Number of protein chains: 2
Amino acid sequence: MNQKIFVSAKEVADRAGVSRSAVSRTFTPGASVSEETRRRVMEAAEALGYHVNHLARGLMRNESGLVCLIVSEMDTPYRASLIRAISRQLQNVSKIAMLINTDRSDKSVDDALRLAISYRADASIILSGMPDKSISDLCVKSGQRLVLINRDEEREGALMINLHDREAARRAFIAFQRAGCRRLAFANSDVGTPSLMAREEGFVSAAQAAGFEVAVERFGSTRYQSGVVLAQRLLTREVRPDAIFCANDLLACGVMDTARHQFRLEIPNDLCVVGFDDIEQASWSSYELTTFAQPVDRIAEEAVSWLAKPLYDAGLSCKLSAELNWRGSVRGG
Amino acid sequence: MNQKIFVSAKEVADRAGVSRSAVSRTFTPGASVSEETRRRVMEAAEALGYHVNHLARGLMRNESGLVCLIVSEMDTPYRASLIRAISRQLQNVSKIAMLINTDRSDKSVDDALRLAISYRADASIILSGMPDKSISDLCVKSGQRLVLINRDEEREGALMINLHDREAARRAFIAFQRAGCRRLAFANSDVGTPSLMAREEGFVSAAQAAGFEVAVERFGSTRYQSGVVLAQRLLTREVRPDAIFCANDLLACGVMDTARHQFRLEIPNDLCVVGFDDIEQASWSSYELTTFAQPVDRIAEEAVSWLAKPLYDAGLSCKLSAELNWRGSVRGG
DNA sequence: TTGTATGCGTTATCAG
DNA sequence: CTGATAACGCATACAA
């Protein structure tokens, strides 16, 4: 690594003919500096290209301004929009997002959290996976905030933001029922995330309570290609479903495309489909997918405003509702 | 902000019965520590939950390990996948991505770059917008690396990664020609990014050289909805195009959906479409879009490997090719 | 190999 | 309001 030569407060002080403290105060909101001193400092800073060293400031203040975002498959539409919403909100409160990729393994989440500790991040926000309790406890004990989004498991001292998945699933069933569907199915991935399982269980139990059986298939990840496979499995069953609730929109897109192009089915006439997330593609005219909207802005807001709070109640839980967006993939509406 | 209490090297040293330097050396690869000392230090560190403070380390070493990613509309498929590729590669070389959202204004890019300087980022990678020369010069002068991706403008000392846009556009024309298309059109946004304009100019000039006129429309952003509008304008022209080259895939999706559902056109029989980026949706069976693939992994690799190089040649330029992915949206192939 | 002393760029404390 | 001085947590030159 080549040498970096940033200009320091001392250099600014020398040029302005004041003490280093004066420079520091000039860049500390609310500190008392005379107008004249501030002017001379600013002038020197401008000329030299001085910028406060946030590393050193963080060291002193014990507050880095860094917030760690821990996430896998971040190129997925829902994840990407959530990351965007969060990072924007963080910028509004003068914090900055550090992005860490994880893979399927929970070990990579542990490593990410260790990294967050190393950088003295003010908080970590976990969008994927679940860290080991020992390491998440260490975070909390060290005074680092922890936010878990759609991770149902409990963690002491963390803010947990979840959706009413079961309730949404119940409404999906009602939507199908109103559309006159009788042969229900649920298309799930086999990753088994609590929130995905809650959608499945909520749907199945609501249907059963009304005397309906549900054909359930689980396969692969929560991406488009898995939807293709799931549709192939479901639509070749002896009793072909006339309604499929998909664990998320990406699966739903794969299901719809396969139903149309491979099985020549018309949506919603032959088959009704409901998804979850309300990614941008859901509104595209090839899909017009009826789906539950993840309140990404709301989620980001809840997370960031909690981080900004000076005191906080440990073990807070925040339950949000997912609104159903009616579009053309279900009859009636 | 509540108090953070991380364990320091001194505490580890006390518990292990060694000096603080011994602890430091234990966590510095390549430093000379006896096996016995290292063992005791590691044991104490483990028990106490010690993690090296990267803020302090960065202050000493003059190398933060932070790399700033400056990007707008990061929830867009191409951007999201590029961010993912870059952040993964960074992690491989023990660096970490800081994410900064910008909006349309170049001022927000300047602000982002200032933030990068404040955090003493080892490098900044700009995916959107263009900073003022004075501020980008300050970065370079300060020893911070600068990478510009698909930003044609020149910056002293920066690595510029670009695609052969004009060449790709020429191949798009050839593809249409082979498919027997005669009424060519280009669908562009009106943001006027150099790389987008290069695609337009390359396409138009290649067509003109062969004696074809091109209907050009420019509107809005590079997103789906703009594609809808562009299709409406192009397909209601007196001579209806039978081939549309779109500045990117998102526009192409909007164009295709509109052509099909609003104008009842068959693709590729009535209309051939070519896009740019090769986002995931391009391969979905509703689109089967023939498109140029942005080599995201390659771009990320070039950027990150340059950052890892100890010495570097100023003003490096890297030109990459975009491969054409043939799918069903163009006849023949 | 080990410990001591010094400095990295800040901010906070305190005396003036 | 201002300037000197002491931390913050770490890495390293130096002496042992």
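Chain letters run A, B, ... following the sequence lines, proteins first and then strands; every chain starts at 1. Note that this is a predicted model, so its numbers are computed, not measured. We use all heavy atoms of the structure for the numbers below, so side chains are in, but hydrogens, waters and symmetry mates are not.
Checking the phosphate oxygens (OP1, OP2) of D:dA11, a side-chain nitrogen or oxygen of B:Arg57 falls inside 4.0 Å. A:Ser8 has no side-chain polar atom (N or O) that falls below the 4.0 Å cut-off from OP1 or OP2 of C:dC8. The side chain of A:Tyr119 places no N or O atom within less than 4.0 Å of a non-bridging phosphate oxygen (OP1 or OP2) of D:dG9.
At whole-Å resolution of the value, CG in A:Leu48 and C1' in C:dG9 are 15 Å apart. For B:Lys10 and C:dA5, the NZ to P distance is 13 Å, given to the nearest whole Å. Distance CZ (A:Arg40) to C1' (D:dG3): 14 Å, rounded to an integer number of Å. Atom-to-atom, CG of B:Asn53 to C1' of C:dC8 comes out at 13 Å; the value is rounded to the nearest Å. The separation between B:Asn62 atom CG and C:dG7 atom P is 17 Å, rounded to whole Å. In this structure, A:Phe27 places its CZ atom 9 Å from P of C:dT10, rounding to the nearest Å. Going from atom CD of B:Glu35 over to atom C1' of C:dT2 covers 15 Å, rounded to whole Å. If you measure from atom CZ of A:Arg39 to atom C1' of D:dC1, you get 17 Å, rounded to the nearest angstrom.
Closest approach to the B:Thr28 side chain among C:dT11, D:dT12, D:dT2 is made by D:dT12 (side chain taken as heavy atoms from C-beta onward). Listed nucleotides C:dG3, D:dG9, D:dT2 differ in distance to A:Val33; the shortest reach to its side chain belongs to D:dT2. Closest to the side chain of B:Leu59, from the set C:dG9, D:dC10, C:dA12, is C:dG9. Distance from the side chain of A:Ser24 is smallest to C:dT11 among C:dT11, C:dT2, D:dA11. Listed nucleotides D:dC1, C:dT11, C:dG9 differ in distance to A:Ser32; the shortest reach to its side chain belongs to D:dC1. When the nucleotides C:dG3, C:dT11, C:dG9 are ranked by their closest atom to the side chain of B:Val18, C:dG3 comes out on top.
Judged purely by distance below 3.5 Å, without hydrogens or angles, the side chains of B:Ser34 and B:Thr37 pair a donor atom with an acceptor atom. Between the side chains of B:Ser195 and B:Asn150, no donor-acceptor pair is found at a separation under 3.5 Å.
In this structure, B:Phe27 has its ring center closer than 6.0 angstrom to the ring center of B:Tyr50.
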**OP:** Could you walk me through whether B:Glu36 and B:Arg39 pass salt bridge (Lys or Arg N to Asp or Glu O under 4.0 Å), step by step?
**Re:** CA-CA 5 Å; B:Glu36 168 63 8; B:Arg39 199 188 51 72; 3.4 Å; yes
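For B:Val7 and A:Glu36, each mapped to the nucleotide of DNA chain D holding its nearest heavy atom, the one lying further toward the 5' end belongs to A:Glu36. With DNA chain C read from its 5' end, the first of the two nearest nucleotides for B:Ser34 and A:Val23 is the one closest to B:Ser34.
The neighbour count for A:Met42 CE, taken as heavy atoms of other residues, nucleotides or ligands under 6.0 Å away, does not exceed 12.
To the nearest 0.5 angstrom, A:Leu148 atom CG is 8.0 Å from A:Arg151 atom CZ.
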Give every pair of a protein N or O atom and an N or O atom of nucleotides 4-6 of chain D that lie under 3.5 Å apart, one pair per line with the distance.
unit_1	atom_1	unit_2	atom_2	d
D:dA4	N7	A:Ser21	OG	3.3
D:dA4	N6	A:Ser21	OG	3.2

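The heavy-atom pair separating A:Leu159 from A:Glu302 by the smallest distance is CD2-O, 4.0 Å.
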List, one per line, each side-chain donor-acceptor pair under 3.5 Å for residues 131-143 of chain A, sequence neighbours excluded.
unit_1	atom_1	unit_2	atom_2	d
A:Asp132	OD2	A:Ser134	N	3.1
A:Asp132	OD2	A:Ser134	OG	2.7
A:Lys133	NZ	A:Asp137	OD1	3.2
A:Lys133	NZ	A:Asp137	OD2	2.9
A:Ser136	OG	A:Lys133	O	3.1
A:Ser136	OG	A:Arg155	NE	2.9
A:Ser142	OG	A:Leu138	O	2.7

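A:His51 comes within contact range of the sugar-phosphate backbone alone, with a heavy-atom separation under 4.0 Å but no base atom that close. Across all strands shown, A:Tyr50 has heavy atoms under 4.0 Å from sugar-phosphate atoms exclusively, and none from any base.
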